[in-house]
Protein chains: 2
Amino acid sequence: MSGRTVTIAEVARHAGVAVSTVSYVLSGKRTISADTRRRVLDSISALGYHPNAGARALASKRSNVIALVLPLRAGMHVPVLMRFASAVVTAARRFDHDVLLLTADEGTEGIRRVAASALVDALVLMDVELHDRRVPLLRELAEPSVLIGFPAERAGLTCVDLDFAAAGARCVAHLSERGHTEIALLGAPAVVYERGTGFARRTREGFTDAVAAHGLDGVALPCEETFDEIHETVARLLADRPGLSGMVVHNEAAVNHVLGSLRQLGRRVPGDVAVVAICPDDVAERASPPLTSVLIPAEEVGREAVRLVMEKLRGAPVPEATLLTPQLTVRAST
Amino acid sequence: MSGRTVTIAEVARHAGVAVSTVSYVLSGKRTISADTRRRVLDSISALGYHPNAGARALASKRSNVIALVLPLRAGMHVPVLMRFASAVVTAARRFDHDVLLLTADEGTEGIRRVAASALVDALVLMDVELHDRRVPLLRELAEPSVLIGFPAERAGLTCVDLDFAAAGARCVAHLSERGHTEIALLGAPAVVYERGTGFARRTREGFTDAVAAHGLDGVALPCEETFDEIHETVARLLADRPGLSGMVVHNEAAVNHVLGSLRQLGRRVPGDVAVVAICPDDVAERASPPLTSVLIPAEEVGREAVRLVMEKLRGAPVPEATLLTPQLTVRAST
DNA sequence: GCCGGTCGTCGAAGCGCTTCGACACTTTCA
DNA sequence: TGAAAGTGTCGAAGCGCTTCGACGACCGGC
């Protein structure tokens, strides 16, 4: 059974039908009588048949593989990226597709290669920058693609993401409702803003606009990831702004350090300072105290990205932009 | 150029040679005159030719894709896993292979599927447990595989990993040299030990054996990942053992919390308590204070795993076990 | 000046699958 | 009751590549 590899011809012979009949049973593209179908399926499991992926790809011009392009840049929070990635793999399997992993080492050449060689049918790209070098390439590719994140110029592309501007605004609104009037945003590391990563900037804009709209006093700062740097940022922030009583933290790696720093400075959460985070639920739940947070819905975004790319593969029209509405969960920190 | 897809036949016609000649230029499996080779390569770049992966796989019985099986289990430190994964992708590309990402959702069935369908030529498996359900399957598969980690029964397999027992011992030796006589190991979360994950247990054994060998007083504890749990563990440890002056932390996620906890308890590092970590260098460097550490050489392990799997693909014999020697870097925490 | 060897190239036979057109049978309905 | 319209199945033609055997052309050695 696991000796030599079984071909469709052997299945056909075993079941006493033509090769094409086996193929149609498998693909469902033509009607097959219940009786024949049974016989074929029995033969398939009796012989342990698995269609050869290469042959299938060659004949059908579909590899049933999608590429996941995951640059793994500095300052990105890897566990969050992996949740996206994992969601993409799971969702792809549900559409009977596998996932080829592409990292940044090869640059855009890798994308061109896997697309041109028909190794993949479609692409899902993560960690999109505002001026992403991959975007022009996607435009000239025949293969459909979906971006997780938004570049500056998105005409003709398909993008999915959490609505980070709304997320920033939602946090401000929550703090405002709680009566805080002087608040701060601790965001991504400076390098991430400089690189022009969309989600960091959009959160900051959402924060800033909402601060103005609510008539609050607010400041937005980048936030590095080592304890010492964060501690210094937090200490200076509190020293400079004695009236500050609310913080929004949009940086998974920094969340715990910010809390540690406040602890060390003798500030109680939420007594002295209320904290809202934008991060996955498990990070918020495991913090001490558990944090009021806006969830980064990685699973949902990944699933949606795959769904959209499959629609495009079918030739169905899809919206250019899909923004998921942020959901705020109140926990112990506000 | 990026309109229709270019085939080898078009390249052959453009260069005025036979299809097989183009193939031999590409594969180097027969000698081709310098002149012909030039013409063919020129045509290839002029037409923007990329060989069709499916056709190549079908004809050559090699997909030039390897599977990376990455379960993403609870308690595993994702950034570390991703460094392995990223190293595997980079190394695979160097051998002209791509990487298919398999997660745990499908269980062993996914492995069987990609192997039987010839979607992949070989497999690299990560996060191996002592009694891993995937191991029996690997034994019956025709495709070569390499494990990153060691199962209990490893006969007939190929495994690579850091020598964690030596790493645990190395940390003990270092603390002993520094004059510490009462020390503790803070290890992985309890669930990881229960699952029988090899590296966690082997570190603990290395620690325990070395403690005995050096005539020290030592205790090994599991260590969860939230600040509150860690703080409690650390506080109780210090309360129970007033003479304790050295700690080994083998838990990337907990490292910063342990330091935060010591800070909060008013213990100076390294003045009151010396800390050695087993973690990637960047985690150690970014901690406060920077930690003396044994590096988890993710890049090296990933590269070695790929090298071994390529050797096996060539039919070359490879050692069953490859253990990388731990390297201790002294920083500010001891 | 003829013979065995390389060297460089070609043509053709698959690799295992999908898909198209064809073809027997049934049904259906004027 | 016969033509039209399904149903269910088959055979064969590729899909684009690798690889095998064949075959001139050229080499040196006798």
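Chain letters run A, B, ... following the sequence lines, proteins first, then strands; residues in each count from 1.
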What are the two closest heavy atoms between A:L123 and A:V309, and how far apart are they?
O-CG2, 3.8 Å
Whole-Å distance, A:D35 CG to D:dT9 C1', equals 13 Å
Would you say the side chains of B:S20 and B:S23 form a donor-acceptor pair under 3.5 Å?
no
As an exercise, state the distance from CE of A:M310 to CD1 of A:I66, rounded to the nearest 0.5 Å.
4.5 Å
What string of B, S and - do you get for nucleotides 11-17 of chain C, 5' to 3', if B is base contact, S is sugar-phosphate-only contact and - is no contact with any protein heavy atom under 4.0 Å?
BB-BBBB
When only distance counts, do a donor and an acceptor, one from the side chain of B:R30 and one from the base of D:dT19, lie under 3.5 Å apart?
no
Looking at B:R154, I'd like to know if its CZ atom is crowded, meaning that more than 12 non-hydrogen atoms belonging to other residues, nucleotides or ligands lie closer than 6.0 Å.
no
Taking 4.0 Å as the cut-off, does a side-chain nitrogen or oxygen of A:K29 come that near to OP1 or OP2 on C:dT18?
no
Is the shortest distance from a Lys or Arg side-chain nitrogen in A:R93 or A:D98 to a carboxylate oxygen in the other one below 4.0 Å?
yes
Let me know the distance between CZ of A:R62 and C1' of C:dT19, rounded to the nearest Å.
15 Å
On a heavy-atom basis, the closest approach of A:P151 and A:L157 is CG-CD1, 3.8 Å
